[in-house]
Amino acid sequence: MAPAVPMSRFEPEESLKDRYDAMSKRLEDGGGACLRGRIGGGGGSGDFAVAPTMTVVYGHLDDPENQEIVRGVSYLKLRPDRVAMQDATAQMAMLQFISSGLPKTLVPSTIHCDHLIEGTTSPQADRNNGFGADADLTLAKAANREVYNFLATSGAKYGVGFWKPGSGIIHQIVLENYAFPGGMMIGTDRWARLRGAGQRFLGGGVGRRRGLCPVW
């Protein structure tokens, strides 16, 4: 793979090759012991085939050499490739990140303004008796103007991508713009696991505070 291939068209400085090289190093465990040989039926015998999903998970271990691996028991310390936040949970996440004093996120991160848009299917008084996508978006922009302004400006200052209201659903945006085979992402909602469906891009949903762990 050419070294110039970026993680996404929005992050030309983030090399996709670097991500794959890091995964390979973790899987083979830079200390010399092959990580695959430690993954086995309970005792780590390595006597069965490693599933693609397991390859992605173990390829993102923080410390492969010392990580305890007991299926169904161990808690894994992972290094995801990116973080995605929706507008409702991103507010507290960004406030907490600002308090950390760090100048920029450690992994590529994005904010997506979709959850604060309330969908309607019948005429609503607060929408001038309108309803549907256009009326819902107009009201959301007015009602959440302060929130959107904060997320946009804080994102710009700390290197967090910002998708404004009306850009689309967070899951589809991630799938079309950021997912890549073998990657791992966490998101600040429970549906994050769907964001890389079809591309072997593994997603997991966490709370907004846990979402900040890899960002810091």
Side-chain angles (χ1 to χ4, degrees), residues 6-14 80-180 183-197 201 203-216:
M7 278 185 64
S8 77
R9 61 193 176 99
F10 302 105
E11 296 147 349
E13 74 285 354
E14 298 286 344
D81 297 300
R82 67 178 316 108
V83 173
M85 301 170 279
Q86 41 98 336
D87 45 2
T89 53
Q91 300 170 55
M92 183 58 69
M94 289 306 297
L95 284 170
Q96 290 176 311
F97 178 78
I98 292 170
S99 70
S100 73
L102 294 174
K104 185 180 179 181
T105 59
L106 297 181
V107 299
S109 304
T110 49
I111 296 168
H112 304 261
C113 297
D114 64 346
H115 277 53
L116 294 180
I117 303 173
E118 180 185 3
T120 57
T121 58
S122 61
Q124 304 292 318
D126 58 3
R127 292 163 174 77
N128 295 321
N129 290 323
F131 67 95
D134 291 339
D136 298 337
L137 180 59
T138 298
L139 179 63
K141 286 181 177 179
N144 303 299
R145 182 177 292 108
E146 183 177 2
V147 171
Y148 295 146
N149 287 342
F150 166 69
L151 295 176
T153 54
S154 60
K157 181 174 182 178
Y158 295 102
V160 179
F162 178 76
W163 290 79
K164 64 182 181 180
S167 298
I169 301 297
I170 181 174
H171 316 291
Q172 193 65 25
I173 291 175
V174 169
L175 177 62
E176 294 180 1
N177 295 279
Y178 300 110
F180 61 90
M184 176 182 286
M185 180 206 72
I186 64 171
T188 57
D189 73 61
R190 59 183 177 175
W191 298 110
R193 61 188 182 276
L194 301 178
R195 293 173 186 168
F201 181 73
V206 298
R208 56 179 176 264
R209 291 188 178 182
R210 291 196 181 103
L212 280 175
C213 292
V215 176
W216 287 347

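All residue numbers refer to positions in the sequence shown, counting from 1.
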- Item | Lys/Arg N to Asp/Glu carboxylate O, Glu11 vs Arg82, below 4.0 Å | yes
- Item | Close side-chain approach of Ser154 and Phe162, heavy atoms under 4.5 Å | no
- Between Pro12 and Pro6, which heavy-atom pair has the shortest distance, and what is it? CA-CB, 3.7 Å
- Query: Take atom CD in Glu13; do more than 12 heavy atoms of anything else shown fall under 6.0 Å from it?
  - Reply: yes
- CE of Met94 to CD1 of Ile98, rounded to nearest 0.5 Å, is 5.5 Å
- Ile170 side chain near Trp163 side chain, heavy-atom distance below 4.5 Å: no
- Query: Got a second to check how far Asp114's CG is from Ser167's OG, nearest 0.5 Å?
  - Reply: 9.5 Å
- Message: Parallel, tilted or perpendicular, judged at 30° and 60°: which one describes the rings of Tyr178 and His112?
- Response: perpendicular
- Query: At their closest point, which heavy atom of Leu116 faces which heavy atom of Asp87, and how far apart are they?
  - Reply: N-OD2, 3.3 Å
- Item | CD1 on Ile169 to NE2 on His115, rounded to 0.5 Å | 8.0 Å
- Message: Do Pro108 and Asp81 have side chains that approach each other closer than 4.5 Å (heavy atoms only, starting at C-beta)?
- Response: no
- Give a yes or no on whether the backbone of Ala88 and the side-chain of Gln86 come within a donor-acceptor separation of less than 3.5 Å. yes
- Taking every heavy atom of Ser100 against every heavy atom of Phe97, the minimum-distance pair comes out as OG-O, 2.5 Å
- Task: Measure the spacing between CG of Asp134 and CG of Leu139 and express it to the nearest 0.5 Å.
- Result: 13.0 Å
- Item | Exam field: side chain Asp136 to backbone Thr120, donor-acceptor pair closer than 3.5 Å | yes
- Say you draw a straight line from OH of Tyr158 to OG1 of Thr153; how long is it, rounded to the nearest 0.5 Å? 10.0 Å
- Query: Between Phe131 and Pro123, what is the shortest heavy-atom contact and its length?
  - Reply: CD2-N, 3.4 Å
- When every non-hydrogen atom of Gly168 is compared with those of Ile173, the smallest separation belongs to O-CD1, 3.6 Å
- Message: If you compare all heavy atoms of Val107 against all heavy atoms of Pro80, which two are closest, and at what distance to 0.1 Å?
- Response: CG1-O, 3.9 Å
- Task: Identify which one of Ile111, Ile186, Leu151 satisfies the side-chain contact (heavy atoms from CB on, under 4.5 Å) criterion when paired with Met85.
- Result: Ile111
- OH on Tyr148 to NZ on Lys141, rounded to 0.5 Å: 9.0 Å
- Validation row: Phe10, Thr110 side chains within 4.5 angstrom (heavy atoms): no
- Query: Distance only, no hydrogens: is a donor on one side chain within 3.5 Å (strictly under) of an acceptor on the other, for Ser8 and Asn177?
  - Reply: no
